[in-house]
There are 2 protein chains.
Amino acid sequence: MASIREVAAEAKVSPGTVSKVLNERGNASISRATQARVREAAERIGYHPSSIARGLAGMRMNAIGVVMAYDEESLTSDPYLGPCLDGLLSIYKQERQKVTLFLEQNWDAALQNIPFYGDGHCDGLALIIPRTTHPIVDTLRSQRPHLPFVLVGDSREGEGLTCIDLDNVSAGRMATEHLISLGHRRIAAFQGNADFCSNDQRFKGYRDALASAGLPYDPEIVYPGVYFAESGVENVRRMQKQFTGDNRSGRPSAIFCFSDSIAFGALEALRKYDIHMPTEISVIGIDDLTTTAQQRGLTTIRQSVRSIGQRAAIALLGLARGEITPGFRDLQLPELVLRSSTVALQQ
Amino acid sequence: MASIREVAAEAKVSPGTVSKVLNERGNASISRATQARVREAAERIGYHPSSIARGLAGMRMNAIGVVMAYDEESLTSDPYLGPCLDGLLSIYKQERQKVTLFLEQNWDAALQNIPFYGDGHCDGLALIIPRTTHPIVDTLRSQRPHLPFVLVGDSREGEGLTCIDLDNVSAGRMATEHLISLGHRRIAAFQGNADFCSNDQRFKGYRDALASAGLPYDPEIVYPGVYFAESGVENVRRMQKQFTGDNRSGRPSAIFCFSDSIAFGALEALRKYDIHMPTEISVIGIDDLTTTAQQRGLTTIRQSVRSIGQRAAIALLGLARGEITPGFRDLQLPELVLRSSTVALQQ
DNA sequence: CAGCTCAGGGAAAACGGTTTCCCTGAGGCG
DNA sequence: CGCCTCAGGGAAACCGTTTTCCCTGAGCTG
């Protein structure tokens, strides 16, 4: 590859001068004529600077890393990762930043690999990390030299943590309030993974909404689970078993599923048990996995994952350039998408 | 970050010696005792070599680039990219290689960016490139220094081209032969994008199978299209219009759709036109998008995209290490997946 | 004991940039 | 005319590795 010295020779200047011109640094003290000569020489030779030499010399690498800890086939199967990456990439492409993907099985593996992420390849890290507590954050913060990072899809509380996420508390509250506004008073909660940050927050929103409306909180109709359809199926079964015979009348008239996947599972199970939706029971989800949700008429709270990815990209860029400071938070406002799975309570 | 000099100081040897020990190079001429001292010092300091300094010094970067030219949201919407990336990543993770993603709008944009890919960041490139002809391949081959690359999902002919793909000719032949074996003699072809390499090859398989069976080739029932469901819908409409009234009897008894997506569209349209599938018309696809195909009972030719990704990863690694030579081809054997959308021709 | 061999490890160049500091010469001013 | 200033650009150190080449000293041989 053509080196800067060849350009220098071609333009009859020193390598240092070439560098200054091409980086527009100290261009005040390089004559217009020389600048033109250098640029033309670079063009003629077909010169492109080596990103690694540049990195070694202390410059930015113009590259960021994206760390994900999911299963192996998660890009295929997970509904979050694809849109999120699409969002990140759309920004970085236009900023001419390189994006390096680190896909780990779990966060402990990621923890082990921090030195690998921080070996100079990247200027910063976007962590797609849904877990509430994981030491990776602390390790990253104590890293020298400090590697800037943002948390995507995670809005945990913490000093100086840069988070980009859906406003999950509001989302939980919005879903619950919607059901309340339809007259529902007993609203089941089908939770997602207990160790996910979003789960805590959506639950908080649920309780807040109940409290604001003066409705009692009943732990009997809060069902732990995971963010998968199977969990929705399973919890309908549990609920059905719980409210049978004499207890029949205590059955909730609405279910707040903490994700669309859970809701899809719930819808499927309700059909199996011949519980008519929405007349007997209303169902709301969170996410808006549009194609399927539309098809099944699921009322849901929309989050735009792609947009979260984009905002995260921008935040990390700002962080790496020192334009924003750690601790910046950007929480996306949720949005209610009305379809046919929620109706007013039948008296 | 701790540098090699600090390790050297700690172990009371020279930096060169540290390098030799840690890379196990010329370890014949370093005493066991010294080796142990160096390793221990490195451990104590928490030393991790800078990948970029290493790269500058002429070593491999242990990083490869993946270039894709699709739409912006392709990771979300395209059924090929996700599994393919999952496959690539699964291999590179265990080889401790970094993966840098380049997502371009189209191949011309990619062409512009070749110097960017080749700026030293990556040791090689995996091109997920379905187009038959594109100058990017030539440009890459004339690049100095040469950047090794493999073509994924593309098995065009060409001197010294390393290709990993489904054996599309066989797949086309297999689909067609399956229909022929069921007694079908007029088999429509719903093609994918005309400029995709796979389209040409699947079509060749179709014609080969017809010829081998002594069946006439009728261009009237070959329908150009694109690899989307809409195209299947559209072509059923065209076929329906074409074979109406007197021509009714000339209507094909089977459709070979060049992808599952096309087939899904076709199934939908057939239902709309009240053409009963499979009794009136059989349908076969290619891909095996398992969940949906299973749900709709689509008979199809399976390709394991994830496995293609994995093999591509391995090939590129071999190429970058000089263990295999350009020109290596690895074509996956297709596999017939029988479901309910194809039945024997009703006499 | 002189000379040779070889194990063990150090010195320094090289990779390709960036950046700091300094030098040179021209123009302006007293 | 002499001195000062400043624009313009060059020299060289530096970033953190790898790698080649060479040096040293110990052990062996004749």
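Naming convention: chains lettered A, B, ... in sequence-line order (proteins, then strands); numbering from 1 in each chain. Fair warning: this is a prediction, and the values are worked out from it, not measured in the lab.
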Sugar-phosphate, base or nothing in reach of Gly16(A), heavy atoms under 4.0 Å: base
Sugar-phosphate, base or nothing in reach of Ser31(B), heavy atoms under 4.0 Å: sugar-phosphate
Geometric class of the Phe116(B)/Phe102(B) ring pair [parallel <30°, tilted 30-60°, perpendicular >60°]: perpendicular
Mutual orientation of the aromatic rings belonging to His134(B) and Trp107(B) [parallel < 30°, tilted 30-60°, perpendicular > 60°]: tilted
For the pair made of [atom1] in [X] and [atom2] in [N], what is the distance, rounded to whole Å?
{"X": "Ile52(A)", "N": "dT17(D)", "atom1": "CD1", "atom2": "C1'", "value": "11 Å"}
{"X": "Arg5(B)", "N": "dA12(C)", "atom1": "CZ", "atom2": "C1'", "value": "11 Å"}
{"X": "Glu24(B)", "N": "dT19(D)", "atom1": "CD", "atom2": "P", "value": "14 Å"}
{"X": "Ile30(B)", "N": "dT19(D)", "atom1": "CD1", "atom2": "C1'", "value": "12 Å"}

Phosphate contact (dG17(C) OP1 or OP2) by Tyr47(A) side-chain N/O below 4.0 Å: yes
dT18(D) OP1/OP2 closer than 4.0 Å to side-chain N/O of Ser19(B): yes
Carboxylate-amine/guanidinium contact Arg39(B) Glu43(B), below 4.0 Å: no
Whichever of Ala57(B) and Lys20(B) has its nearest DNA chain D nucleotide further upstream toward 5': Ala57(B)
Side chain to side chain contact (heavy atoms under 4.5 Å, CB included) between Phe328(B) and Asp330(B), worked out: CA-CA 7 Å; Phe328(B) 173 80; Asp330(B) 182 352; 3.8 Å; yes
